[in-house]
Amino acid sequence: MAMIPNDTLDACGLLCPLPVLKLRKRLKSLGIGEVIAMQADDPAAIIDVPHFCAESGHDLLSATDTGGVQTYLIRKTL
């Protein structure tokens, strides 16, 4: 069963650290337990997004790469 995110963030075309900064800002508007889907094409996002989730305590539910665009599903926990 596919998870339907509560919000989406298109960070394609943005370079480090902008994808994570925009993700952090967008997460503030979500309720605890809600999920955001973020797309990014910055090669650094592969490292930055999981690190951000680990440091901030949010759950990285999945990370996929299709044609150079990464899609992350992140659940807000705090």
Side-chain angles (χ1 to χ4, degrees):
M1 185 166 107
M3 179 173 291
I4 298 173
N6 302 94
D7 197 2
T8 58
L9 173 61
D10 182 359
C12 290
L14 302 176
L15 297 176
C16 178
L18 290 176
V20 168
L21 293 175
K22 289 192 174 286
L23 174 61
R24 182 175 64 191
K25 183 176 181 180
R26 189 69 67 88
L27 279 165
K28 288 181 181 181
S29 68
L30 294 180
I32 292 174
E34 291 188 318
V35 174
I36 186 168
M38 183 181 94
Q39 291 186 321
D41 57 2
D42 178 11
I46 295 168
I47 297 167
D48 293 345
V49 173
H51 179 75
F52 165 75
C53 290
E55 290 296 310
S56 63
H58 300 299
D59 294 330
L60 178 59
L61 303 176
S62 70
T64 58
D65 188 316
T66 306
V69 175
Q70 303 102 40
T71 301
Y72 303 94
L73 286 178
I74 299 143
R75 179 184 295 124
K76 181 175 179 173
T77 57
L78 303 173

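- Every residue meeting the side chain to side chain contact (heavy atoms under 4.5 Å, CB included) condition with V20, not counting sequence neighbours, appears here in chain and number order: D48, V49, F52.
- With T77 contributing its side chain and D59 its backbone, the two residues share no donor-acceptor pair below 3.5 Å.
- The line from NE2 of H51 to OG of S56 is 9.5 Å long, rounded to the nearest 0.5 Å.
- Linking Ile, Leu, Val, Met, Phe, Trp and Tyr residues whenever their side-chain heavy atoms come within less than 4.5 Å places I36 and I46 in a single cluster.
- To the nearest 0.5 Å, the span separating CD on Q70 from SG on C12 amounts to 8.0 Å.
- With rounding to the nearest 0.5 angstrom, the OG1 atom of T8 is 8.0 Å from the CD atom of Q39.
- Smallest separation of non-hydrogen atoms from K76 and L27: NZ-O, 2.9 Å.
- To the nearest 0.5 Å, atom CG of residue D7 and atom CZ of residue R26 are 4.5 Å apart.
- A single hydrophobic cluster is not seen to contain both L9 and L61; linkage of ILVMFWY side chains at heavy-atom distances under 4.5 Å, directly or through other members, places them apart.
- Hydrophobic clustering, with ILVMFWY side chains joined whenever heavy atoms are under 4.5 angstrom apart, groups L30 together with L23.
- The minimum heavy-atom distance between L73 and P5, with the atom names listed, is CD2-CB, 4.4 Å.
- The backbone N or O of G13 lies less than 3.5 Å from a partner atom in the side chain of D41, making a donor-acceptor pair.
- Among all heavy-atom pairs drawn from A45 and A40, the shortest one is CB-CB, 4.0 Å.
- In terms of modelled atom types and a separation under 3.5 Å, the side chain of N6 and the main chain of V35 share a donor-acceptor contact.
- For the pair D42 and C16, the tightest heavy-atom approach, listed with the atom from each and the gap, is OD2-N, 2.6 Å.
- Under the rule for a side chain to side chain donor-acceptor pair (under 3.5 Å), R75 has no partner lying at least two apart in sequence or in another chain.
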